[in-house]
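Following: one structure in structure tokens, then a few remarks.
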Number of protein chains: 2
Amino acid sequence: MRTRANKQSGATIKDVADLAGVSAMTVSRVLNAGHRVRPATRERVEAAIRELNYKPNLSARSLAKARSLFIGLLYNNPNPGYVSELLIGLMNRCRQVGYHLVIENFGSTDEEWAAGIEGMLASSNFDGLIVAPPVSDFDSVMSAIERADIACVRIAPELEPDLFASVRTDDRDAARRMTRHLLDLGHRRLGFIAGDAGHGASRQRLSGFKDALEEAGVGLDDGLIVEGRFTYRSGLAAAEQLLSLRQPPTAIFASNDDMAAAVVAVAGRKGIDVPGELSVAGFDDTHTATTLWPQLTTVRQPIADMAGAAVDLLAAAINAEPEQDAAQTQRLLPCEVIIRDSSSTVKAKPA
Amino acid sequence: MRTRANKQSGATIKDVADLAGVSAMTVSRVLNAGHRVRPATRERVEAAIRELNYKPNLSARSLAKARSLFIGLLYNNPNPGYVSELLIGLMNRCRQVGYHLVIENFGSTDEEWAAGIEGMLASSNFDGLIVAPPVSDFDSVMSAIERADIACVRIAPELEPDLFASVRTDDRDAARRMTRHLLDLGHRRLGFIAGDAGHGASRQRLSGFKDALEEAGVGLDDGLIVEGRFTYRSGLAAAEQLLSLRQPPTAIFASNDDMAAAVVAVAGRKGIDVPGELSVAGFDDTHTATTLWPQLTTVRQPIADMAGAAVDLLAAAINAEPEQDAAQTQRLLPCEVIIRDSSSTVKAKPA
DNA sequence: CTGTTAGCGCCTTCAG
DNA sequence: CTGAAGGCGCTAACAG
């Protein structure tokens, strides 16, 4: 016979109950770990579940619990690497926790979102929302969510950090540690390519760079700090500027991988060996970091961890009693410094 | 008071029925477009739906229809750009059609999948499966799905093309058109960097290149075809080889963007201007294509279209009567040739 | 600790 | 063409 998409393909809670000689309710209880169940009965039920390879029907559960079990992801991020890792992290954790993830994307500007968000909130029934940057800083979106009184977690928000729970990475600390790595290799003339000043992460990374220099008692040379715009092309210009200095740096720390890749390219054109004569470090550990040769020493954001934390936080918010709007939790996750081939100890330049 | 995750946040079918002065059944009918409903009644119902902003409860619908409304995506692809675009495309279409997408990933080898797939098929209840490459060519996976008798669509399969419905891009045609673009620019000495011969797309792209040459009556010079392995580093070696030729090509078509980026890098080191003295074309339109400078002329796979087609095909398969296992549909989608800054007309080399 | 009762919101089936 | 009854699988709420 055909089994495809028929009734319940597997066993139902009733089957398990019968086999275990208990009522469906008891099975439900061992499943949901709420009420206490006598160990012996629990055993029998669990055995029956295994034997029948019973899997609860999510639709039925969701219907009975009056929870959609759906989480919406509001996002719009031009960086595919970030998105895919985020999505995968979110989905994995969602699956573990029993939620399903639905993607929503209304465009790239606050205005476009403003047009769509209200309707979405009214018509979809999400148990909660996870908002990725930069949407997590779109005014219209966040206030619409607030009005709708729906559980929400923001990822890497920059504005109003107390609005909803949030998860973010510690970019400043990461930049500090990467800089220390460069210092430990013996470098003293360190160049830094910042991102656009308007970007919060940009400022954090620069601060971390300065922190490390200060801690190490290495003087800050403003001429060695140039501003890029996170693009490859801006990195080209910045690298050109730094490497044309009368006394060029022996190491350059770029605020993202694209700009670091540009540094490697410029060095290549100028016949400067990386990492022999110039160490290069990036930030983000994107595809290019390992694509490039030499592979880039860079900072890896714990995106999967962030995703997991976001789901957990959201689940907590969904289950929390609305009355107790305790202070919103904020999780700060550490990044990882990944040392690859683009950084090495200072070598005497064979000028 | 609190509306969060309570009962049904919005209106139910009953509310709509009451407002329209009909029974719930009638509402259900206009919703599901099955049975005929008198135009006048339909009107009233639709008005009520709009007025109440009614959205059917998916869980209830799924429960009643005995369909999970879940689609599993079996995937494992190291390329983040591909994954994220695919995911987004799939989810968007799924949402339109009323399905939910659940990701499954058991690892990167056929063996790892073999270990997990059976259990998954037994315990999850997907209405259907979409299988992305390279999993779509894992023997153990495909035969397990066949045994489980579950609806399935494969994306870009290479082996046994008739097994299940499938969607793929026409890489050969795309390569042919890109090559023609280069020929149209006046190039006659065209270099080609192939991917690993084991990869089907690789062979397709090379064939397309040869097709175009033949059509244009340009002789094939085997010395101008070198094999890479789709990696940046292998592209470096290939470019080095091509550009060291006594009579180097004036244009190089690489089988993917990473290798094309490597060509640009090597040209840079050698002081060869791109596109002034050398035109470069890639394939895939990945992030690097636009990150790089000059931006890469490349081929864009219609990934979102493929995703949409895959969902549509799957929906059809799910709703089809199992008896009528008609010939499996295969959809072949055209790619787009994207002309950017890395290709231009031949210029006299200022040797 | 466990069972009973009564739905969740929608759709199938069968009457009108 | 439309309505009434019943159930999908599960879990609250209340007994015992």
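Within every chain, numbering begins at 1; the chains are lettered A, B, ... in the order of the sequence lines, protein sequences first and strands thereafter. Computed from a predicted structure; not experimentally measured.
Between the side chain of Ser143(A) and the backbone N or O of Asp139(A) there is at least one donor-acceptor pair closer than 3.5 Å. Listed for the Asp137(A) side chain is a donor-acceptor partner under 3.5 Å among the backbone atoms of Leu159(A). Side-chain atoms of Asn92(B) do not come within 3.5 Å of backbone N or O of Gly89(B) as any donor-acceptor pair.
Residue Ser59(A) is classed as having no contact, given no heavy-atom separation below 4.0 Å to the nucleic acid. As judged by a 4.0 angstrom heavy-atom cut-off over every strand, Ser62(A) is placed among residues making no nucleic acid contact. Using a 4.0 Å heavy-atom cutoff across all strands shown, Val27(A) reaches no nucleic acid atom at all.
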N/O-N/O pairs, protein side and nucleotides 5-7 of chain D side, under 3.5 Å:
none

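Put simply, CE on Met142(A) and CG on Leu129(A) are 8.0 Å apart, with the number rounded to the nearest 0.5 Å.
The side chain of Tyr54(A) approaches dC10(D) more closely than any other nucleotide in the set dC10(D), dC10(C), dT2(D). Minimum atom distance to the side chain of Arg38(B) is reached by dT2(D), of the listed dG9(C), dA13(D), dT2(D). Side-chain atoms of Ser28(A) lie closest to dT11(D) of the nucleotides dC10(C), dG3(C), dT11(D).
Judged by closest nucleotide on DNA chain C, Arg44(A) is the one of Arg44(A) and Ala24(B) placed further toward the 5' end. The residue among Ser23(B) and Leu63(B) whose nearest nucleotide of DNA chain D lies closer to the 5′ end is Ser23(B).
For the pair Lys55(B) NZ and dC8(C) P, the interatomic distance rounds to 21 Å; values are reported in whole Å. At whole-Å resolution of the value, CG in Leu31(B) and C1' in dC11(C) are 11 Å apart. Rounded to an integer number of Å, the gap from CD1 of Ile13(A) to C1' of dC8(D) is 13 Å. For the pair Asp18(A) CG and dG3(C) C1', the interatomic distance rounds to 14 Å; values are reported in whole Å. For the pair Arg29(A) CZ and dG3(C) P, the interatomic distance rounds to 8 Å; values are reported in whole Å. We find that CZ of Arg61(B) is positioned 19 Å from P of dG9(D), with the value rounded to whole Å. Atom pair Arg42(B):CZ and dC1(D):P shows a separation of 10 Å (rounding to whole Å applied). Look at CG on Asn57(A): it is 16 Å from P on dC10(C), rounded to the nearest Å.
With 3.5 Å as the limit, one finds a donor-acceptor pair spanning the side chains of Asp110(B) and Ser140(B).
Within 6.0 Å of CD in Glu51(A) there are 12 or fewer heavy atoms belonging to other residues, nucleotides or ligands. Within 6.0 Å of the CD atom in Gln96(B), the count of heavy atoms belonging to other residues, nucleotides or ligands exceeds 12.
In this structure, Thr12(A) does not reach the dC8(D) phosphate: none of its side-chain N or O atoms is under 4.0 Å from OP1 or OP2. Side-chain nitrogen and oxygen atoms of Asn32(A) include at least one within less than 4.0 Å of the OP1 or OP2 phosphate oxygen of dT11(D).
Looking at Arg154(B) and Glu160(B), their side chains come closer than 4.5 Å, going by heavy atoms from C-beta outward.
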